[in-house]
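Order of appearance sets the numbers: ligands from 1, and atoms from 1 within every ligand. When a residue number appears, it is its place in the shown sequence, counting from 1. Computed from heavy atoms alone, side chains included, the values below leave out hydrogens, waters and symmetry copies.
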Amino acid sequence: MTLDARVYSLFKEKFSREAQYIARAPGRVNLLGEHVDYNDGFVLPAAIDRATYLAFGPSESEVTTLWAADFGQKAVFSAETLAAKTQPDGSPLPDWAFYPAGVMWALTEAGLKTPPLQAVFASDVPRGSGLSSSASVELAFAVAWQQLGGWNVDPMRLAQLGQRAENGYVGVNCGIMDQFASACGVENRLLRLDCRSLTWETVALPAEVAIVVADTTVRRKLTSGEYNRRREACELAVRLLGESLPGIRALRDVSPEDFNRLAAQLPLEARLRARHVVEEIERTRLAQSLLEHGDVASFGALINTCHASLRDFYEVSCPELDVMTTVAQSLPGCWGARLTGAGFGGCTVNLVAREAAQEFSRALAAGYESRTGFHPDIYICQASRGAGLLG
Ligand code: GLA
């Protein structure tokens with residue numbers, strides 16, 4: 001059964017009526033521009049063909065009642081219980097419910113109506129895998145409340161509200177990339193976003209190239225603390241570099257030349273983190289013209305360099321991600337491979353010659369499994385459209 005059919009039939013089972021709507025919001029994969037969104041840089045993600053599906057309708061009472069099909073759990077909350085992060089009976093909200101509750105909180109804060117709803121949701125975006133399962137949940141609920149609340153904002157605004165939920169309610173100080181990609185995805189296109197101006201365009205991926213996503217199946221705990229700490233190191237670097245470069249607002253404003261000249265002024269941790277960011281922003285600038293000219297080989301080389309930088313300077317890789325990229329980079333047809341998303345576990349993204357993609361996937365799975373003992377999940381992914389209602 002497809003996931004949309006599943007949430008639809010579960011809704012009937014749980015609420016003894018038909019769902020009125022089904023919302024779908026995709027996960028994303030990022031090709032280049034990692035850990036630069038919160039440094040005002042450029043990112044190059046695509047929405048993927050894995051998504052969160054949400055069957056919903058208005059609630060007849062004052063409370064919102066949700067079933068998370070993937071957990072077999074229910075959560076209840078209302079405008080009154082939101083701030084306390086509890087359910088009406090006083091019990092704490094389960095972790096998964098922080099995302100929908102956070103969306104209700106962010107929308108309310110923005111003065112948008114969030115009528116109580118009943119919903120069942122399920123996702124085939126693997127959780128904690130670097131493919132933005134949380135943004136896909138946030139955007140699915142944002143779409144639902146937009147429909148029931150009778151208001152309408154553009155997809156970028158919807159993305160910002162999802163980000164606000166995650167920053168202000170869930171407590172992860174993430175940038176805009178994931179929610180943006182989930183909200184604004186376009187079929188068969190990469191998205192190129194300037195995270196400072198929030199202007200974006202779509203970019204074609206050369207037809208001979210496939211995007212292969214490889215899940216190490218390794219998940220790390222406590223990543224939000226590490227993530228927030230990376231962000232603080234970048235902010236410290238901006239403050240210290242600002243003593244010599246007055247007027248800079250973010251690492252986006254620091255050229256690689258200035259950085260190399262001034263790097264010694266920074267303490268080690270901030271220096272390593274800032275080096276990754278400054279050079280990664282430079283790589284995304286270069287990628288633009290490489291893609292325009294169809295130079296897949298040079299683009300792939302930037303992807304490989306990005307992985308080394310995330311491993312050595314940003315220090316967000318892990319042994320399994322390193323094995324997955326090393327094996328991939330040695331295989332025929334692979335132009336580039338690196339970890340994607342925040343890191344610490346999860347998935348790699350691979351740029352592969354389309355004709356070699358099947359064999360590549362098979363060989364990568366075998367090579368990874370023989371070196372780690374873990375059975376990976378590898379699939380060829382299609383860039384998909386952004387969040388919206390089905391049907
Ligand atoms: C997570 C965050 C994004 C971005 C990436 C790293 O996915 O949600 O905002 O910072 O990590 O590029």
J.: Got the closest protein heavy atom to atom 3 (C) of ligand 1, with its distance?
T.: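 It is Asp37 OD2, 3.3 Å.
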
J.: For ligand 1, is there an N or O atom under 3.5 Å from any N or O atom of Gly33?
T.: no

J.: Strictly under 6.0 Å, is that where the ring centroids of Phe98 and Phe77 end up?
T.: no

J.: Looking at Asp154 and Arg157, does any basic side-chain N land under 4.0 Å from a carboxylate oxygen?
T.: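 Answer for the salt bridge query: no.
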
J.: Would you mind listing which atoms of ligand 1 come within a distance below 4.0 Å of any non-hydrogen atom of Tyr38?
T.: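 It comes down to these atoms of ligand 1: 10 (O).
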
J.: Examine ligand 1 and decide if any of its atoms is less than 4.0 Å from a heavy atom belonging to Glu280.
T.: no

J.: May I ask you to decide if the ring planes of Tyr38 and His35 are parallel, tilted or perpendicular, using 30° and 60° as cut-offs?
T.: perpendicular

J.: What residue and atom, counting heavy atoms only, is the protein's closest point to atom 7 (O) of ligand 1, and at what distance?
T.: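 Nearest neighbour among protein heavy atoms for atom 7 (O) of ligand 1, to 0.1 Å: Asp178 OD2, 2.7 Å.
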
J.: Which atoms of ligand 1 sit under 4.0 Å from any heavy atom of Ala342?
T.: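 Once the distances to Ala342 are compared, the set is 1 (C), 11 (O).
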
J.: Looking at atom 5 (C) of ligand 1, what's its closest protein heavy atom, distance included?
T.: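 For this ligand atom, the closest protein heavy atom is Met177 CE, 3.8 Å.
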
J.: Starting from atom 10 (O) of ligand 1, find the nearest protein heavy-atom neighbour and note its residue, name and distance.
T.: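 For atom 10 (O) of ligand 1, the nearest protein heavy atom is Tyr227 OH, 2.6 Å.
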
J.: Only counting residues at least two apart or in another chain, list the ones meeting ring pair (Phe, Tyr, Trp, His ring centres under 6.0 Å) with Trp335.
T.: none

J.: Using a 4.0 Å cutoff against the non-hydrogen atoms of Arg28, which atoms of ligand 1 qualify?
T.: 7 (O)

J.: How close do Arg192 and Leu44 get, counting heavy atoms only, and between which atoms?
T.: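 The answer is CB-CD1, 3.7 Å.
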
J.: Taking all non-hydrogen atoms of both residues, which atom of Arg338 and which atom of Cys306 are closest, and how far apart?
T.: CD-SG, 3.4 Å

J.: Which atoms of ligand 1 are found less than 4.0 Å from any heavy atom of Gly175?
T.: 9 (O)

J.: Please say whether His35 places an N or O atom under 3.5 Å from an N or O atom belonging to ligand 1.
T.: yes

J.: Just which atoms of ligand 1 are under 4.0 Å from any heavy atom in Cys174?
T.: 2 (C), 8 (O), 9 (O)

J.: Does the ring centre of Phe344 sit less than 6.0 Å away from the ring centre of Tyr227?
T.: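 No, ring centres 6.0 Å or more apart.
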
J.: Got a sec, which residues hit ring pair (Phe, Tyr, Trp, His ring centres under 6.0 Å) with His276, two or more places apart in sequence or on another chain?
T.: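 Applying ring pair (Phe, Tyr, Trp, His ring centres under 6.0 Å) to His276 gives Tyr314.
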
